[in-house]
Amino acid sequence: MTRRQGPSTTAIHGLPHRRPDWSPVAPPLVQSSTFTNPIGSHDEVLYTRYGNNPNQVDIARKYAMLEGAETALFLSSGMAATALAHLAMLRPGDHLVSSSWIYGGTKTLFDEEFGRFGITVTYVAPDEPRSWRQALRPNTRAIFVETPTNPLMRVLDLVPIAKIARQAGVGLLVDATFASPINFRPLEHGADVVISSATKYLNGHSDVIAGAVAGSNSFIEEVTRLMKLWGPSLDPHSAWLIDRGMRTLAVRMERHNSNGLAVATWASVHPAVARVHYPGLASHPDHALATRLLGGYGGMLGLELAGGGPAAERMLGRLQVITHAPSLAGVESLISEPRLTSHRALGPEGRSAMGIPDGFLRLSCGIEDADDLIADLEQALDG
Ligand SMILES: *Cc1c(COP(=O)(O)O)cnc(C)c1O
């Protein structure tokens with residue numbers, strides 16, 4: 001194919017192919033752990049823990065195309081994807097440089113588990129770009145960052161970080177869950193590996209836990225080897241649901257993007273809202289960067305209520321359309337308080353130093369009608 005196929009078509013068809021007569025239009029669910037084996041065959045067996053079940057293979061191929069990667073692999077959670085991508089990259093005694101603006105579970109994984117392999121981690125605040133190079137050591141093997149970040153929706157420019165990584169001969173891994181490949185594709189900006197929690201936008205319906213890693217053939221081969229041994233492969237039914245979810249990824253992202261912008265714009269002039277964190281607003285510190293780098297500003301926003309924690313609790317108690325629940329990126333809007341979820345461990349001082357005061361709400365705009373989301377927030381705030 002000479003012309004480049006668009007992401008909506010890719011999300012539906014992967015690589016389009018003519019179907020034989022009388023074949024199903026929807027992919028069959030192959031809910032089988034194992035497969036018949038040709039007698040005397042020396043080929044690798046088909047076995048669902050190996051990641052070669054047709055449902056697993058189909059979504060991996062589609063996701064690799066969306067990211068512009070050679071290949072990809074789905075795992076049983078975003079955390080499994082993060083863990084195995086790092087285990088594939090790092091060796092005992094290695095050093096990892098990580099952004100300090102990362103998912104809480106990832107930080108706990110680094111802090112509590114990597115020590116058992118003798119892997120040390122140095123955290124760098126991405127708003128001090130000089131610190132990346134300063135943090136490098138002779139045994140540094142990789143840099144890990146997340147963009148856009150939770151819950152302040154900071155957007156990172158990967159190009160200078162990728163340049164430092166390349167000069168130092170270390171790998172760059174990027175968790176771009178909050179963007180989805182529709183809004184941002186890290187490999188186009190110099191990353192070696194992209195990690196996504198497929199629980200979020202890729203599946204998009206809050207009914208599956210899954211993760212994905214995309215990168216070079218040799219890297220994904222190593223992640224696959226680890227998956228076979230450590231075991232976090234994806235169940236075929238979950239893979240089938242992700243395939244179903246991914247078909248609408250591009251149109252869902254369009255609505256997430258427009259709802260995020262509509263709600264953020266409305267909230268930015270509401271008297272009960274002290275501050276809105278959304279990269280689509282001119283007030284956001286990364287607005288210009290986000291405009292240059294992202295295909296859309298996304299559905300995630302941070303709302304700081306003027307009335308602090310008590311105002312947040314009052315408002316949460318009145319919401320009708322928007323559901324108070326952790327997680328994000330489903331078709332339904334969800335709202336949570338980072339002080340009680342992702343950033344609980346930091347304590348009030350730690351959070352406030354990060355710019356997450358009490359009264360901070362993280363809103364995941366779903367794909368409902370923007371006017372209904374705004375009306376729900378309005379009645380809940382005005383009470
Ligand atoms: C949710 C999330 C994860 C973890 O994904 P699970 O599917 O819950 O294991 C990792 N990174 C980011 C940015 C996330 O939002």
Side-chain angles (χ1 to χ4, degrees), residues 59 63 67 72-87 96 98-114 123 126 144-156 158 173-186 191 193-214 223 227 230-235 238-239 241-242 245-246 253 256 260 277 279 294 298-302 325-330 333-338 340-345 354 356 362-366:
I59 57 172
Y63 177 62
E67 292 286 6
L73 179 69
F74 274 78
L75 296 121
S76 60
S77 68
M79 284 305 297
T82 302
L84 292 201
H86 282 86
L87 288 183
L96 172 71
S98 171
S99 165
S100 56
W101 301 346
I102 57 172
Y103 178 70
T106 303
K107 176 139 196 320
T108 308
L109 173 76
F110 292 165
D111 291 347
E112 295 185 6
E113 294 300 312
F114 277 26
Y123 294 99
F144 171 74
V145 303
E146 202 174 295
T147 183
T149 70
N150 174 34
L152 297 174
M153 311 308 147
R154 296 298 303 267
V155 176
L156 273 54
L158 297 182
L173 303 100
V174 179
D175 179 339
T177 297
F178 272 42
S180 91
I182 301 301
N183 283 351
F184 187 65
R185 291 165 298 283
V193 176
V194 54
I195 299 165
S196 188
S197 167
T199 307
K200 317 296 169 47
Y201 286 120
L202 290 182
N203 179 59
H205 291 72
S206 308
D207 50 12
V208 163
I209 296 284
V213 186
V223 181
M227 180 183 71
W230 293 66
S233 55
L234 186 64
D235 176 76
S238 294
L241 285 169
I242 292 167
M246 278 171 76
M253 290 314 299
H256 286 298
H277 300 263
L294 305 183
M300 301 300 302
L301 52 121
S327 197
L328 59 122
S333 294
L334 300 181
I335 193 163
S336 61
E337 282 188 273
L340 302 176
T341 55
S342 53
H343 293 69
R344 184 208 293 260
M354 277 193 83
I356 310 166
R362 188 191 71 179
L363 175 61
S364 168
C365 294

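Just follow the structure's listing: the first ligand is 1, and inside any ligand the first atom is 1. Side chains are part of it too, since the values below use all heavy atoms of this structure and drop only hydrogens, waters and symmetry mates.
For the side chain to side chain contact (heavy atoms under 4.5 Å, CB included) test, residues two or more places apart in sequence or in another chain that qualify with Thr177 are Asp175, Ser196, Ser197, Lys200. Residues passing the salt bridge (Lys or Arg N to Asp or Glu O under 4.0 Å) test with Lys107 are Asp111, sequence neighbours excluded. Under the side chain to side chain contact (heavy atoms under 4.5 Å, CB included) criterion, Ser238 pairs with Val208, Leu234, Asp235, not counting sequence neighbours.
Formation of a donor-acceptor pair under 3.5 Å by the Thr199 side chain with backbone atoms of Ala210 is found in this model. Here the side chain of Glu146 pairs a donor or acceptor atom with the backbone of Tyr103 at under 3.5 angstrom. The main-chain N or O of Cys365 is never found under 3.5 Å from a side-chain atom of Ser333 such that the two would form a donor-acceptor pair.
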Expected rows: ligand 1 N/O, protein N/O, dist below 3.5 Å:
{"from": "ligand 1", "atom 1": "5 (O)", "to": "Ser197", "atom 2": "OG", "distance (Å)": "3.0"}
{"from": "ligand 1", "atom 1": "7 (O)", "to": "Gly78", "atom 2": "N", "distance (Å)": "2.9"}
{"from": "ligand 1", "atom 1": "7 (O)", "to": "Ser197", "atom 2": "OG", "distance (Å)": "2.8"}
{"from": "ligand 1", "atom 1": "7 (O)", "to": "Thr199", "atom 2": "OG1", "distance (Å)": "2.6"}
{"from": "ligand 1", "atom 1": "9 (O)", "to": "Gly78", "atom 2": "N", "distance (Å)": "3.0"}
{"from": "ligand 1", "atom 1": "9 (O)", "to": "Met79", "atom 2": "N", "distance (Å)": "2.9"}
{"from": "ligand 1", "atom 1": "11 (N)", "to": "Asp175", "atom 2": "OD2", "distance (Å)": "2.7"}
{"from": "ligand 1", "atom 1": "15 (O)", "to": "Lys200", "atom 2": "NZ", "distance (Å)": "2.8"}

